[in-house]
Amino acid sequence: MIGRADSRPTLAVIKCPTLVLTGDQDNTIPNRLSVEIAEGIFGAKLTILPHCGHMPQPEQPQATADALVEWLRL
């Protein structure tokens with residue numbers, strides 16, 4: 001991961017609907033970076049799941065599904 005190019009400068013070119021989904025206890029990607037990612041993509045929605053780490057699908061499957069359904073209804 002350290003050797004990867006920083007893609008944050010190119011976030012503005014993303015033109016499709018985007019959901020940035022993270023957990024409030026994510027130790028891999030800090031919430032401040034998820035906020036930065038969501039702010040870098042025009043119209044992106046940020047959802048931070050409570051009591052969740054870096055893998056929301058297995059850690060909070062119902063909350064993940066609920067967030068996806070809510071986002072898809074937008």
For the residue pair I29 and H54, establish whether any side-chain heavy-atom pair is separated by less than 4.5 Å. yes
Side-chain heavy atoms nearer than 4.5 Å, only ILVMFWY residues, links allowed to pass through others: does that put V13 and I37 together? no
Without swapping roles, check the side chain of D26 against the backbone of C52 for a donor-acceptor pair under 3.5 Å. no
Between the CD atom in Q57 and the CG atom in L49, the distance rounded to the nearest 0.5 Å is 9.5 Å
Hydrophobic cluster identity match, L19 and I14, side-chain contacts under 4.5 Å: no
Hydrophobic cluster membership, L72 vs L21, 4.5 Å side-chain cutoff: yes
Residues in side chain to side chain contact (heavy atoms under 4.5 Å, CB included) contact with L46, at least two apart in sequence or another chain: V20, T22, S34, V35, A38, I48
Does a side-chain heavy-atom distance below 4.5 Å link L11 with E36? no
Whether T18 side chain and C16 backbone form a donor-acceptor pair below 3.5 Å: yes
Kindly give the heavy-atom pair with the smallest separation between T64 and P56, and that separation in Å. OG1-O, 3.0 Å
Does the side chain of Q25 come within less than 4.5 Å of E59's, by heavy atoms? no
For the atom pair OG1 (T28) and CE (M55), what is the distance rounded to the nearest 0.5 Å? 9.5 Å
Check for a donor-acceptor pair, side chain of D24 on one end and backbone N or O of G53 on the other, with a separation under 3.5 Å. no
For T10 versus S7, what's the shortest heavy-atom pair and its separation? OG1-O, 2.7 Å
